[in-house]
Amino acid sequence: MNPTKPAARDRLRIAIQKSGRLAEPARSLLASCGLGWRESRDRLFCYGETLPVDLLLVRDDDIPALIADGVCDLGVVGRNVLSEADGVRVASGRRPVFREWRALGFGGCRLALAVPEGWDWKGPQQLAGKRIATSYPALLSQWLAAQGVDAEVVLLSGSVEIAPRLGQADAVCDLVSSGATLAANQLVPVATLFESEAVLAGPVEGFDGVRAELAELLCRRLDGALRVRHSKLLLFQASRDRLPSLLPLLPDAEAPTVMRIDGVDQLALQALCHGAVTWQRLEDLKSAGARGLMVLPVEGMLA
Ligand code: PRT
Ligand code: ZN
């Protein structure tokens, strides 16, 4: 099927991971955009009830092909999976078809090159002639080419970290978040090839008609939800003369709203804080003259 001409549909279909690291955060982010669904018995499809936006629950590795084939319009997937899929296409002479529509701020990790602890790492040239195990052959090959290093890429679909101990490879190239898995396998990360997080992926070219409107609506709501994801609304009162000591304690707040309380020299303040609003911070504000401090969660924002 031609990815630029998806079958005519008046509903938007988004592929997300069925189970795994990105499954729950993807669903909760989409739910925070006002989407609600009825799930099919086999738990493979969620029919959008609040908006004509359906979910297809799949393995993350299948998401790029589902978008490329026009089966799904958009997908929530790791940038690593998306870029690898595009890398494979480009390496075989096809044009890239995916675009990262939004970075979603969860599922953060990096694709790293790691070598056994005993190696005296001096740089990428040391990899010449070595075997490197990975599930990301396109991204690794691109990086090796950029370094001008000729090494053998050993493709493994899982358990990449144990490859050196099994004698299958000399080094590995795999995703790392805490680094605990590498350490447990006596491997040391020596280079970062790629920084990743979950993204909303879609075709390079957009959609027509109803789906274009739905995609635009979704992106607008995502922007609103992402913008305030870690934000809190802080409400308090203070006398006017305390303002110069209080405002410096709100460096992460968008222009705080200051309202005068009629008849008295008191102010009511409202600040949308994008940083952490900790107890310590509340205590500091109280010491600087704030009273009646209240912290409220923020679910969305339309500028
Ligand atoms: O079944 P399905 O194919 O859908 O799931 P999956 O097992 O392929 O994927 P899953 O759920 O493990 O990962 C989905 C996505 O989460 C990845 O494509 C990344 O975008 C992202 N992500 C974030 C990670 C990690 N962090 C991560 N740490 N994916 C995998 N790992 C693995 C890594 O491969 C290694 O084995 O965790 C181990 C390293 O973790 P640390 O914390 O020990 O460094
Ligand atoms: Zn997978």
Side-chain angles (χ1 to χ4, degrees), residues 13-30 39-40 42-46 55-69 71-72 74-89 98-117 132-140 142-143 153-166 168-169 171-202 222 226 229:
R13 193 180 293 161
I14 308 176
I16 67 167
Q17 200 185 17
K18 182 173 194 295
S19 57
R21 286 181 164 84
L22 307 184
E24 195 283 324
R27 275 179 89 143
S28 79
L29 179 62
L30 293 172
E39 197 161 329
S40 69
D42 55 11
R43 295 199 58 240
L44 295 176
F45 190 76
C46 294
L55 302 184
L56 199 63
L57 310 182
V58 296
R59 288 199 59 188
D60 66 343
D61 319 74
D62 295 335
I63 292 177
L66 289 169
I67 298 172
D69 292 344
V71 176
C72 290
L74 300 167
V76 176
V77 65
R79 182 182 291 137
N80 48 304
V81 172
L82 194 70
S83 296
E84 175 67 22
D86 246 347
V88 169
R89 290 184 72 88
F98 310 113
R99 178 159 64 88
E100 184 176 314
W101 286 42
R102 291 293 184 281
L104 302 178
F106 60 86
C109 58
R110 63 198 172 99
L111 185 65
L113 183 91
V115 300
E117 277 170 1
I132 310 171
T134 191
S135 305
Y136 296 89
L139 293 176
L140 174 58
Q142 277 169 18
W143 183 80
V153 175
V154 178
L155 176 61
L156 296 181
S157 56
S159 306
V160 169
E161 295 92 348
I162 57 168
R165 282 198 285 150
L166 297 178
Q168 289 173 298
V172 305
C173 169
D174 197 12
L175 297 177
V176 179
S177 42
S178 69
T181 307
L182 288 183
N185 287 283
Q186 292 97 50
L187 295 166
V188 185
V190 289
T192 295
L193 281 63
F194 193 80
E195 299 278 358
S196 185
E197 66 183 285
V199 301
L200 179 71
L222 272 175
L226 292 170
R229 202 139 204 234

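Counting starts at 1 for both ligands and their atoms, following the listed order. Keep in mind that this is a model prediction, so the values were computed, not measured.
Below 4.0 Å from some heavy atom of Val176 lie the following atoms of ligand 1, by number and element: 44 (O). Within ligand 1, counting atoms from 1 as listed, the ones closer than 4.0 Å to a heavy atom of Gly78 are 20 (O). Listed by atom number, the atoms of ligand 1 under 4.0 Å from Val81 heavy atoms are 18 (O). Annotation for ligand 1: atoms under 4.0 Å from non-hydrogen atoms of Thr181 are 38 (C), 39 (C), 40 (O), 41 (P), 43 (O). In summary, the atoms of ligand 1 found under 4.0 Å from a heavy atom of Gly20, numbered by their order in the structure, are 11 (O).
Contact annotation: for Leu182 versus ligand 1, there are no heavy atoms closer than 4.0 Å. Contact annotation for Asn80 and ligand 1: only side-chain heavy atoms (C-beta onward) come within less than 4.0 Å of the ligand. For Asp174, every heavy-atom contact with ligand 1 shorter than 4.0 Å involves the side chain, none the backbone. Using a 4.0 Å cut-off between heavy atoms, Cys109 contacts ligand 1 through its side chain alone, with no backbone atom that close. Using a 4.0 Å cut-off between heavy atoms, Gln17 contacts ligand 1 through its side chain alone, with no backbone atom that close. Counting heavy atoms under 4.0 Å from ligand 1, residue Glu161 touches it through the side chain alone.
No side-chain donor-acceptor contact under 3.5 Å links Gln186 to the backbone of Glu117.
Screening Asp174, Thr192, Asn80 against Arg110 for a side-chain hydrogen bond (donor to acceptor under 3.5 Å, both in side chains) leaves a single residue, Thr192.
Not one N or O of Tyr136 is nearer than 3.5 Å to an N or O of ligand 1, by distance alone. Among the atoms of Arg79, none of the N or O lies under 3.5 angstrom from an N or O of ligand 1.
Shown here, atom 7 (O) of ligand 1 is out of close reach of the protein: none of its heavy atoms lies under 4.0 Å off.
Of all protein atoms, those that are N, O or S and lie under 2.8 Å from the Zn ion (ligand 2) total 2.
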